[in-house]
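What you see below is based on every heavy atom in this structure, not just the backbone, and it leaves out hydrogens, waters and symmetry mates. On a predicted model such as this, the values are computed, not experimentally measured, just so you know.
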2 protein chains.
Amino acid sequence: MPSTPGTPTGRRRHRVREEALTEILNTGRRLLVEEGPAAVTLRAIAREMGMTAPGLYRYYAAHRDLIQALASSLYDELATALAAARDRHPASEPGRQLGAVCRELRRWALAHPQEFGLLFAKPLTDADTAPGAAAHDPSWRFGGVVLDLMVQLWHHGNIKPPADLDPAWTVQLEEVREHLSGEPVPLEVIYVFVSCWARLYGAVAVEVFGHLDFALTDPAPLFDHTVRDILTALGEPRTAPR
Amino acid sequence: MPSTPGTPTGRRRHRVREEALTEILNTGRRLLVEEGPAAVTLRAIAREMGMTAPGLYRYYAAHRDLIQALASSLYDELATALAAARDRHPASEPGRQLGAVCRELRRWALAHPQEFGLLFAKPLTDADTAPGAAAHDPSWRFGGVVLDLMVQLWHHGNIKPPADLDPAWTVQLEEVREHLSGEPVPLEVIYVFVSCWARLYGAVAVEVFGHLDFALTDPAPLFDHTVRDILTALGEPRTAPR
DNA sequence: AGAGATTGCTAACACCGTTAACTTTCGGGA
DNA sequence: TCCCGAAAGTTAACGGTGTTAGCAATCTCT
């Protein structure tokens, strides 16, 4: 009974297994979208696929692993969407690229609120995947698109970092820098990156979770203002909204 | 079988019922904190209280209602904590008061991550409490503390609102203004309020849900910077961090 | 062709929300 | 004082959930 069930040897077996895995995830996602997170259940997925629940244990060791795999695939889809938005603008204009990526993040999240909710609110619900610092791979694929663009923006623009950088951060920020394709980005600049990242992610989350409904029917202009602020903080003078 | 079960006539009966209601909520909260949201179950609460699950239906018509009551009580506790932080500074300095309230919000959320997660991530999970615009009472008790302070800050300071206010917002913002004790706050200023509120709430959520763990062990300085930005946007020149 | 891995099944267990029907307890009016 | 009705709590039961054990079938490779 392997924790990651059977790894087939044959070529054909491998292919049909891949198809089953993606069908499981697709079915789970459909249930998530149509009936909410509580409906993403082993028995429901199996029912929709015309099989029984214990059969799914040949693909995922537990319900938690299935949800985690679903979240991981959603991170991938989001990262792909962000990269596509980035590539709709020339690489010579990283400011426009980052603006487009920010708006694409909001668009994707609002178009797929259940999926975004799963990604954003998952770590707290679990509270078990917090041993070291290597478990954040799936979320990095998605955040990396934004951070890499910030690095490009740092090359082109002129960021004015704050001089008062808490020395206790250096160790952590060094670790972030290693993920940045070995670019020699100053730690103060990485601090600005993290600050902008937090502001972007928070703005999207607050809106998706409906915490602005009490005041605004269409918070798009507010978000555009936030994006302008972020680009300004990253030293991009030309604030291109569209 | 009333939707809101029995309303006792006697004085003593009323008292013991109140005690039972609070004990249910306390037990539910303990389970939430100790074993996560999935453990807040009718049977578990009844077990901890030495009774059986159907007995709880004398107090809450369904599991959803119990969770909703728990969230409501948490909103109250948070609002009380924010008000206490506000009152630790003189009313003549609303800037210091708002700064203290912002930091208290972060402190409370980090000290009670499961509770904050229930409040922040609940509306999306439900997706049923969205008929009109009167269901946001519990969250308003908590956000009202912040918004009222922003009004005070507007009286004392000098907010520079942006001139380009989307006309489509006026209707919504008018509705917000009615909640503000009838203060004649300009709509542009209310827009600034909402903007600052979104930034504050988002900054706390991003940190509580662990989306800054990849970079920072102690995001407190980052949050302080955010609070300074917010106070500046609200026209408070003296940025008092402590 | 046969051995071994892989896949899916049924049966079963404990837990969950919820309902129905019953018993007990308690407060207030005759 | 007594009694009646409301309130509180019980047991039994239904369908749903994750999960495990054990078994049958199927496919792949030698």
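For B:Arg106 and B:Phe223, the positive end sits near the middle of the six-membered ring, less than 6.0 Å away and at most 45° from its axis.
The side chain of A:Arg17 contributes no N or O atom lying less than 4.0 Å from OP1 or OP2 of C:dT6.
With distances taken from any side-chain atom of B:Tyr57 to the nucleotides D:dA8, C:dT18, D:dT20, the minimum falls on C:dT18. Of the candidate nucleotides C:dC16, C:dC9, C:dA20, C:dC16 has the atom nearest to the side chain of B:Arg43. For B:Thr52, whose side chain is taken as the heavy atoms from C-beta onward, the closest listed nucleotide among D:dT11, C:dG17, C:dT10 is D:dT11. Candidate nucleotides D:dT20, C:dC15, D:dT10 were compared by shortest atom distance to the side chain of B:Arg47, and C:dC15 ranks first. Taking every side-chain heavy atom of A:Arg58 into account, C:dC9 is the closest of C:dC9, D:dT11, D:dT17. The side chain of A:Tyr59 sits closest to C:dG8 out of C:dG8, D:dT10, D:dT19.
A salt bridge links A:Asp229 with A:Arg199: at least one charged nitrogen is closer than 4.0 Å to a carboxylate oxygen.
With the nearest nucleotide of DNA chain D identified for both B:Pro54 and B:Val16, B:Val16 has the one nearer the 5' end.
Computed from coordinates, the B:Arg64 CZ to C:dT18 C1' distance equals 12 Å when rounded to whole Å.
In this structure, B:Ala20 reaches neither bases nor backbone, as no heavy-atom distance under 4.0 Å exists between it and the strands shown.
The aromatic rings of B:Tyr191 and A:His225 lie perpendicular to each other, with more than 60° between the two planes, well past the 30° mark.
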Please set out all donor-acceptor pairs under 3.5 angstrom arising from side-chain atoms of residues 39-53 of chain B, sequence neighbours excluded.
residue	atom	partner	partner atom	Å
B:Glu48	OE1	B:Arg30	NH1	3.2
B:Glu48	OE1	B:Arg30	NH2	2.8

